[in-house]
Protein chains: 2
Amino acid sequence: MTIGEASRASGVSEKMIRHYEAIGLLHPARQANGYRTYAQADIAVLRFIRHARDLAFPLEDIRRLLALWRDRGRASAEVRALALAHVAALEEKAHALQAMAASLKHLAAHCHGDARPDCPILDQLAEGGPVPHPEPEGHHR
Amino acid sequence: MTIGEASRASGVSEKMIRHYEAIGLLHPARQANGYRTYAQADIAVLRFIRHARDLAFPLEDIRRLLALWRDRGRASAEVRALALAHVAALEEKAHALQAMAASLKHLAAHCHGDARPDCPILDQLAEGGPVPHPEPEGHHR
DNA sequence: CTTGACCTTCCCATCATGGGAAGCCCCACA
DNA sequence: TGTGGGGCTTCCCATGATGGGAAGGTCAAG
């Protein structure tokens, strides 16, 4: 298999396949003419990487996951710990984003949003800190 | 005010202050010796940028927000629209992250996580697509 | 006049990804 | 046999926001 075929078979771009090789995640054979050659095992690795990337694992984590995958005797606890740490990171980021969205939504709710120039959103960005009185919970005004 | 003082006054690093100037968000005066000089208005801009960054506005959005801020006659609708578009983007990202976290959590829940080598997490990454049967909702097994 | 804190510019790194150029390889077709 | 084109190679550059660090100028206090 050439790199183009491997790309189609794995759903990973040629650019990325070369990059993963450059950082040592895979080691395809070479033909006499310098072309890379991919065996089924390489395609499996590429698919593995793609699925892990779909779950937003950083490549360094994927490097460890691949090592664990190749290690037939690994303890599943190791994999689980890595996965759960990533889950925690994902959730933390998600919550941070949602908190920002909520703050901004709160500000936008107080902005009439018509042709008039006064705008609590800009006022808040200009003056206040992170965000003013988000009022613990519930009913507006 | 020198850049160091401006940094302390605004909470923006010197590196970033210079960067914001390089991309045209700011135009501090220069002294004869080449040192940048920051007036109160510049500090206000830096604070504005920092607050907007705290809400994860990309710098290109901030460029527009600053223009609107400086334009005394702008319609608040414009600001609101920009903010709400950003809210949508934040929420989309947050949901994507939470979906990934949920998928991975689901897999981890099915991994006993002990010394044994078999692991549904690795199996899924190796074989399956994005994620298998997340079972619509609720009670496990 | 030296020391040290501060400023300047410039280059490099991050993380994952892609664009694009220059050049080689190979196959099919005329 | 020549040529066209598609695929392959490597190398450089860009993204977005941030920081590290080097080499060198400036200034005030000692």
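Chain A is the first sequence line, chain B the second, and so forth, proteins listed ahead of strands; every chain is numbered from 1. What you see is a predicted model; the values in this text were computed from it and never measured.
- For the pair A/I17 CD1 and D/dT10 P, the interatomic distance rounds to 13 Å; values are reported in whole Å.
- For D/dC8, neither phosphate oxygen OP1 nor OP2 lies less than 4.0 angstrom from any side-chain nitrogen or oxygen of A/R36.
- With rounding to whole Å, A/F57 atom CZ is found 16 Å from C/dA16 atom C1'.
- In terms of phosphate contacts, A/S13 brings a side-chain nitrogen or oxygen within less than 4.0 Å of OP1 or OP2 of C/dG18.
- With D/dT9, D/dT26, D/dG21 as the choices, the nucleotide that has an atom nearest any side-chain atom of A/R30 turns out to be D/dT9.
- You'll find the side chain of B/Y38 reaches within 4.5 Å of the side chain of B/I17, heavy atoms only.
- Remark: A/E92 CD is loosely packed, at most 12 non-hydrogen atoms of other residues, nucleotides or ligands lying under 6.0 Å away.
- Taking the side chain of B/I3 as heavy atoms from C-beta on, and the options C/dT8, D/dT18, D/dC8, the nearest nucleotide is C/dT8.
- For A/K15, whose side chain is taken as the heavy atoms from C-beta onward, the closest listed nucleotide among C/dG18, D/dG19, D/dT18 is C/dG18.
- For B/L59, the listed nucleotide lying nearest its side chain is D/dA17; candidates were D/dT10, C/dA16, D/dA17.
- Heavy-atom contacts from other residues, nucleotides or ligands closer than 6.0 Å to CZ of A/R72 number 12 or fewer.
- In this structure, B/R18 reaches the bases: a heavy-atom distance under 4.0 Å links it to at least one base atom across the strands shown.
- Listed pair B/Y20 / D/dA17 fails the phosphate criterion, with no side-chain N or O lying under 4.0 Å from OP1 or OP2.
- In this structure, A/L46 atom CG and C/dT17 atom C1' are separated by 16 Å, rounded to whole Å.
- For B/H19 and D/dG20, the NE2 to P distance is 15 Å, given to the nearest whole Å.
- Across all strands shown, B/E60 has no heavy atoms under 4.0 Å from either base or sugar-phosphate atoms.
- B/H86 places a side-chain N or O within 3.5 Å of a backbone atom of B/A56 that can act as its donor or acceptor partner.
- Atoms CD (A/E14) and C1' (C/dT17) sit 14 Å apart, rounded to a whole Å.
- Distance, B/Q31 CD to D/dA28 C1': 14 Å, rounded to whole Å.
- For A/M1 and D/dC8, the CE to P distance is 12 Å, given to the nearest whole Å.
- Residue A/N33 places no side-chain N or O under 4.0 Å from the OP1 or OP2 atom of C/dC24.
- With rounding to the nearest 0.5 angstrom, the CG atom of B/L46 is 9.0 Å from the CE atom of B/M1.
- The side chain of A/T2 contributes no N or O atom lying less than 4.0 Å from OP1 or OP2 of D/dG7.
- Protein atom CG of A/L25 is 10 Å distant from nucleotide atom P of C/dA16, rounded to whole Å.
- Among C/dC25, D/dC12, D/dC27, the nucleotide with an atom closest to any side-chain atom of A/Y35 is C/dC25.
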